[in-house]
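I have a structure here, written as structure tokens, and I will follow up with some questions on it.
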Protein chains: 2
Amino acid sequence: MKSEAIPAILKKYKLKVTPVRIAVLRVLIDSDTAMSHADIAQLLSDQHFDKVTLYRTLSHFTEKGIVHKVATEDRSWLYAVLAENNADIATDKTHAHFICDDCDKIFCFPIDEGSGQSVKSMKKGFLVKELEIRLHGVCPSCQ
Amino acid sequence: MKSEAIPAILKKYKLKVTPVRIAVLRVLIDSDTAMSHADIAQLLSDQHFDKVTLYRTLSHFTEKGIVHKVATEDRSWLYAVLAENNADIATDKTHAHFICDDCDKIFCFPIDEGSGQSVKSMKKGFLVKELEIRLHGVCPSCQ
DNA sequence: ACGCCAAATGCAACTTAGTTGCAATAGAAA
DNA sequence: TTTCTATTGCAACTAAGTTGCATTTGGCGT
């Protein structure tokens, strides 16, 4: 993605364009996997942003729908940009998370509507609004 | 479930029969939803078990496969007994978690093998070993 | 270009869920 | 009953994330 595009995304979501936001959004867009607060802080450590600012940046992005977050098995959050901001990555409503048991990376990708339908109707009395599918296994680069 | 059955389950999994374990297992078997450490501590508060003992009891149960755990959206764990110990509840490998957006309770139930298959083969290069499906919506008692 | 002000930032202190180390205790096998 | 290992309880600790508050700054109106 071109550098100029990043401020444009922030403006589109009515967020002020600041150095932290540009840096964090670039990192997320460039990543092929969902990233934790710690991952991002590590990558941006030379710019010494405050950890609280990073948390708040990520939660602003989540509220606005620029990114979405996934709870991991070790009580932390991973963040990944949503489809309209990066064509490679899944949309919000129906998507799968692939968790590599080897490298612990989480990949998001869209699934076809159909594969969820059989599940949605399976238990009487439960009204299903949203669906998340989690797959555990081994990613291509760890095989 | 009859009271005498609980020590039998513990013995079956080669765990010593102790008061904490009997109490915790009974609570889990009697519940129709997955429960947190805090939920269980609350219910057993009159017996003043140490919180560390409860954590260790739950992780022993998980290691032995008596219960399984689900990560929640608020970075904590919920526990539910597995099928062989309670016919109403899902098996480990292929099951769904229904999260009620109203009362936040999590229900587990089994799904037919078929509904996962279409997802498992969807992205080339990813070797899928396990599948978890999460459904968000409204449970029968909140409608 | 300038000033204003709500929004954003940085710092310190705090919260919450869960973990570790260790000494004391208690199942259950012999 | 004795013994031995697993289990328990307590205190201190860790890691991820949050809150309060004073300071700074992006971007709008003029």
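Atoms considered below: every heavy atom in the structure, side chains included; atoms not considered: hydrogens, waters and symmetry mates. Letters A, B, ... are given to chains in the order of the sequence lines, protein chains preceding strands, and every chain is numbered from 1.
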task = Start with the C-alpha distance between B:Asp50 and B:Val20, add both sets of side-chain angles, then the distance that settles side-chain contact (heavy atoms from CB on, under 4.5 Å), and finish with yes or no.
result = CA-CA 10 Å; B:Asp50 190 79; B:Val20 203; over 6 Å; no

message = What is the distance, to the nearest angstrom, from the OH atom on A:Tyr55 to the P atom on C:dG10?
response = 15 Å

Shortest non-hydrogen contact between A:Cys100 and A:Cys139, atoms and distance = SG-N, 3.4 Å

task = Please work out if A:Arg21 contacts a base, only the sugar-phosphate, or nothing of the nucleic acid, heavy-atom cut-off 4.0 Å.
result = sugar-phosphate

key: Atom-pair distance (NE2 on A:His48; P on C:dC11), nearest Å   = 9 Å

ask   = Are the side chain of B:Thr62 and the backbone N or O of B:Leu58 linked by a donor-acceptor pair below 3.5 Å?
value = yes

inquiry  = What is the first contacted nucleotide of DNA chain D and what is the last, in 5' to 3' order, if contact means an atom lying under 4.0 angstrom from a heavy atom of chain A?
reply    = D:dA16 to D:dG27

A:Leu58 CG to C:dA8 P, straight-line distance once rounded to whole Å = 14 Å

ask   = Given atom NZ of B:Lys16 and atom C1' of C:dA28, what is their separation to the nearest angstrom?
value = 7 Å

key: Contact nearer the 5' end of DNA chain C, comparing B:Asp74 with A:Lys14   = A:Lys14

request  = Report yes if at least one side-chain N or O of B:Ser76 is closer than 4.0 Å to OP1 or OP2 of C:dA17; otherwise report no.
outcome  = no

key: Which residue lies more 5' along DNA chain D, comparing B:Leu15 with B:Val52 via nearest heavy atoms   = B:Leu15

task = Rounded off to whole Å, could you give me the CG-to-P distance for the B:Leu54 and C:dT19 pair?
result = 13 Å

message = Over 60° means perpendicular and under 30° means parallel, so tell me whether B:Phe98 and A:Phe126 are parallel, tilted or perpendicular.
response = perpendicular

task = May I have the distance from B:Leu10 (atom CG) to C:dA28 (atom C1'), rounded to whole angstrom?
result = 14 Å

message = For a quick test of reading the model: is some side-chain N or O of A:Thr57 closer than 4.0 Å to OP1 or OP2 of C:dA8?
response = no

inquiry  = Without decimals, in angstroms, what is the distance between B:Lys69 NZ and C:dT19 C1'?
reply    = 12 Å

note = Per nearest nucleotide of DNA chain C, the residue lying toward the 5' end, A:Thr18 or B:Val17, is A:Thr18

query = In whole angstrom, what separates B:Leu78's CG from C:dG18's C1'?
reply = 14 Å

inquiry  = Would you compute the distance between atom OG1 of B:Thr57 and atom CG of B:Leu44 and round it to the nearest 0.5 angstrom?
reply    = 10.0 Å

request  = Specify the closest pair of heavy atoms between B:Thr72 and A:Ala71, including all atoms of both residues, with the distance to one decimal.
outcome  = O-CB, 3.6 Å

query = Does the side-chain contact (heavy atoms from CB on, under 4.5 Å) test come out yes or no for A:Leu15 and A:Ile66, once each step is laid out?
reply = CA-CA 11 Å; A:Leu15 288 171; A:Ile66 302 180; 3.8 Å; yes

